[in-house]
Trainee: 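To start, I am sharing the structure in question, which I have written as structure tokens.
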Amino acid sequence: MPTDSLHIALLGDLQLTYGPDACTTVLHTVNTARLQALLSYLLLHRSAPQAREHLAFLFWPDTSEAQALTNLRNLLHKLRQALPTPAQFLLIDAHSVQWRPDAPYTLDVATFEEAVAQATTCADLTVAIDLYHGELLPSCYEDWILPERERLRQLALDVLERLITLLEAQRDNRAAISYSQRLLQLEPFNEALYRRLMSLYAANDDRAGALRVYQRCVAMVQAEFAAEPAAATQELYQRLQSTALPPIP
């Protein structure tokens, strides 16, 4: 008989579903921020056992060692209770804890990383970026998650950059605009992206679109930096206004 799998999403809101059709939601059993953080840490560091002392200090740095280890023991008990058939998913002994490498599960982070590593074409890159559903656990404020969150964000940025470059080379301006908008959502303070998007709209004969991007850029720079757009941005805007096509109103 096939083994039921646990399907775990950490990109965006945490989601846990169980069963052959991912039809049973089990997130309600992993129902505290600390429990979710421990589960996520074990998943993100699944390649090696994690020493109990390390986990205790990581999650309770301002607590005595004895109390931190007690807290960890209690939290692991709750994690066992929360997971279906916990022995399938956790390797726990007196010294360490590890997410089982052979556990029947899927993890969206791993799927995203694998898709990025294998992507070479526009189609591949599109599949990869569609797997990035948002920042890694945005509601988690633990210090340890920040490097992982930024690493995955940079992977997504790289995928979008590669995809947009390929689409530009194919003169697929409409698709390049769409993914440039998505890239701008991830890097809203990168003024060079506004110039790139303005140029794409202009190449697509959409002056109104280029104007909207310029106005967004002006508003962003004024709000965030109390300044005006860079000279390169203003010069691009003036060039777009003065070309042979009807000027932007």
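What you see is a predicted model; the values in this text were computed from it and never measured.
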Trainee: Give every residue pair that meets the ring-ring contact (aromatic ring centres under 6.0 Å, His included) criterion with at least one member in residues 209-236, sequence neighbours excluded.
Mentor: Y214-Y237

Trainee: Run the side-chain contact (heavy atoms from CB on, under 4.5 Å) test against L79 and tell me which residues pass, sequence neighbours left out.
Mentor: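 side-chain contact (heavy atoms from CB on, under 4.5 Å) list for L79, sorted by chain: L35, L38, L39, L42, L83, L90.
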
Trainee: Just jot down the salt bridge (charged side-chain N to carboxylate O under 4.0 Å, His left out) partners of E235, sequence neighbours excluded, or say none.
Mentor: none

Trainee: Does R34 have any salt bridge (charged side-chain N to carboxylate O under 4.0 Å, His left out) partners at least two apart in sequence or in another chain, and if so, which?
Mentor: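 R34 satisfies salt bridge (charged side-chain N to carboxylate O under 4.0 Å, His left out) with E142 once adjacent residues are dropped.
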
Trainee: I need the full list of side-chain hydrogen bond (donor to acceptor under 3.5 Å, both in side chains) pairs touching residues 159-172, with sequence neighbours left out, sorted by first then second residue.
Mentor: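 For residues 159-172, and leaving out neighbouring residues, the side-chain hydrogen bond (donor to acceptor under 3.5 Å, both in side chains) pairs sorted by first residue read E161-R196, T165-R196, E168-R196.
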
Trainee: Kindly state each residue pair satisfying ring-ring contact (aromatic ring centres under 6.0 Å, His included) with at least one member in residues 170-205, sequence neighbours excluded.
Mentor: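 ring-ring contact (aromatic ring centres under 6.0 Å, His included) check on residues 170-205 returns no pairs.
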
Trainee: Under the side-chain contact (heavy atoms from CB on, under 4.5 Å) test, which residues partner A230, sequence neighbours left out?
Mentor: E191, R195, T233

Trainee: Which residue pairs pass the side-chain hydrogen bond (donor to acceptor under 3.5 Å, both in side chains) test when at least one of the two sits in residues 43-65, sequence neighbours left out?
Mentor: Y41-H54

Trainee: Show me the pairs that pass salt bridge (Lys or Arg N to Asp or Glu O under 4.0 Å) and involve residues 211-227, at least two apart or across chains.
Mentor: none

Trainee: Using the salt bridge (charged side-chain N to carboxylate O under 4.0 Å, His left out) criterion, which residues pair with R100? Sequence neighbours excluded.
Mentor: D102

Trainee: Sort and list the pairs that fulfil ring-ring contact (aromatic ring centres under 6.0 Å, His included) and have at least one residue in residues 87-117, not counting sequence neighbours.
Mentor: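 Matches after skipping sequence neighbours: F89-W99, W99-Y105, F112-Y132.
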
Trainee: By salt bridge (charged side-chain N to carboxylate O under 4.0 Å, His left out), which residues pair with D130, not counting sequence neighbours?
Mentor: R182

